[in-house]
Structure formats: C-alpha cells, structure tokens
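Below is one structure; the comments refer to it alone.
From a predicted model like this one, the values you see are computed outputs, not experimental measurements. We count residues from 1, following the sequence as given.
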Amino acid sequence: MKKISAMVLAGLLILTGCSSNTLLVAESFKKTMDTSSFESKTSISLSVHFPENANVPLDDNRKPVMDLLKNGIVVDTIRKNDRESHITISANNPAPILSSELWPYPTAPSFDLYINGNDLLVKSSVDKKFLALASEADNP
C-alpha cells in the first residue's frame with residue numbers, strides 16, 4: 001500500500017512540479033497518508049505556453065494530450081483504512097482525445113484502481129473486467 005501511495009504521490013508531483021503550489025500539494029498529500037480514512041477530490045491542471053520559436057513541436061498526438069492536461073485531471077480517492085482504497089482518475093474535459101487515435105472510444109477515459117491489502121485491481125472505463133496486478137508480497 002505504501003509503495004502504491006508513493007507512486008501516486010510521485011505522479012502528482014510530476015504533474016504539479018512546475019506549479020507555484022507544489023509544496024502545498026505535496027504536504028497536503030503527505031498529511032492525508034497519515035489519516036486512517038478519508039475522501040478527497042483533487043483537480044490537477046497544466047498551465048504552460050510554448051513560444052512558437054521554442055523547439056517543442058506539438059504534433060497530432062502531443063497537442064490533444066496537452067489540451068487534456070490544460071483542462072485538468074481529476075483524482076477521486078476514497079480510503080477506508082490502511083489496506084483498502086479506491087482511486088478514480090479522469091479528465092475534466094476529455095473532448096480533445098475522444099474518438100481519436102489516442103482514445104478510440106466514444107466514452108470518456110477514466111481509470112479505477114482498487115487496493116485491497118496486497119491486491120491491486122485496475123480497470124479503464126471501457127474494460128468490463130479488472131486486471132489484477134501482482135505485488136511483491138505475492139512474489140517471494
């Protein structure tokens with residue numbers, strides 16, 4: 001559970017790394033990890049402007065992803081205790097990637113993560129079944 005929490009924290013820090021609120025977000029997340037149960041909804045957005053003379057080409061695959069990140073990613077977390085959690089990651093406005101090469105489905109992209117003890121179950125909004133990922137505790 002701690003490793004998964006650390007991975008989520010690392011992902012959030014990467015997304016907020018260039019923000020002036022980086023320390024605030026990191027401290028808030030660390031404090032919530034000390035709580036036995038909680039619910040939270042976090043919205044993370046990217047605010048960046050690439051000058052036209054910067055050598056950062058926005059091709060057909062990068063531009064929709066940048067637009068998606070500018071609109072914001074929402075992370076809903078429900079933690080019952082140290083061993084049970086449910087995390088949903090979705091987009092505020094998935095329109096830039098809907099029915100595209102990046103996400104060829106008409107439904108909005110979202111990902112559910114269920115943590116129960118050492119079990120991690122992952123599912124996207126278009127999957128019917130969960131994928132169980134093995135943990136280090138299962139592999140001696």
Side-chain angles (χ1 to χ4, degrees):
M1 175 66 186
K2 296 279 184 185
K3 288 185 181 184
I4 293 169
S5 299
M7 288 174 41
V8 171
L9 174 62
L12 291 174
L13 290 177
I14 288 170
L15 289 174
T16 60
C18 297
S19 171
S20 59
N21 300 356
T22 302
L23 291 176
L24 181 63
V25 171
E27 263 320 296
S28 172
F29 189 79
K30 285 184 214 174
K31 285 183 181 180
T32 60
M33 294 313 298
D34 295 334
T35 308
S36 62
S37 67
F38 65 87
E39 282 188 44
S40 71
K41 183 172 188 170
T42 306
S43 182
I44 302 166
S45 61
L46 179 68
S47 57
V48 66
H49 173 69
F50 291 115
E52 293 196 20
N53 60 354
N55 293 324
V56 182
L58 290 179
D59 60 15
D60 291 342
N61 287 335
R62 289 183 186 170
K63 183 165 180 9
V65 172
M66 293 300 287
D67 291 342
L68 183 79
L69 293 174
K70 284 179 185 178
N71 291 327
I73 301 295
V74 178
V75 180
D76 288 315
T77 305
I78 300 172
R79 180 175 163 182
K80 294 180 182 177
N81 55 46
D82 288 343
R83 311 268 307 151
E84 296 177 75
S85 298
H86 173 220
I87 300 168
T88 302
I89 303 169
S90 60
N92 273 336
N93 178 12
I97 65 167
L98 282 180
S99 299
S100 71
E101 185 179 307
L102 297 170
W103 188 261
Y105 309 102
T107 58
S110 69
F111 298 93
D112 287 319
L113 300 146
Y114 284 95
I115 302 163
N116 189 1
N118 289 330
D119 298 330
L120 173 63
L121 303 169
V122 181
K123 178 176 114 39
S124 76
S125 56
V126 295
D127 294 326
K128 293 182 181 179
K129 295 183 178 182
F130 283 90
L131 172 65
L133 300 177
S135 68
E136 288 180 11
D138 295 337
N139 301 323

Non-hydrogen atoms of [X] and [Y] that approach each other most closely:
X    : Y    : result
V65  : I97  : N-CG2, 4.5 Å
R79  : S85  : CG-OG, 3.5 Å
V126 : W103 : CG1-CZ2, 3.9 Å

*Establish whether L98 and I73 are linked, either directly or via other cluster members, by ILVMFWY side-chain heavy-atom contacts under 4.5 Å.*
yes
*Indicate, with yes or no, if L102 and M66 share a hydrophobic cluster defined by side-chain heavy-atom contacts under 4.5 Å among Ile, Leu, Val, Met, Phe, Trp and Tyr.*
yes
*Who else is in Y114's hydrophobic cluster (ILVMFWY, side-chain heavy atoms under 4.5 Å, direct or via others)?*
L121, F130
Could you measure the distance from the [atom1] atom of [X] to the [atom2] atom of [Y]? Nearest 0.5 Å is fine.
X    : Y    : atom1 : atom2 : value
E84  : N81  : CD    : CG    : 4.5 Å
L69  : I44  : CG    : CD1   : 10.0 Å
D76  : I89  : CG    : CD1   : 10.0 Å
L133 : N118 : CG    : CG    : 12.5 Å
I78  : T88  : CD1   : OG1   : 7.0 Å
R83  : D119 : CZ    : CG    : 9.0 Å

Closer than 3.5 angstrom, by distance alone: can the side chain of [X] be matched with the main-chain N or O of [Y] as a donor-acceptor pair?
X    : Y    : answer
D127 : K129 : no
N71  : N92  : no
S125 : A108 : yes

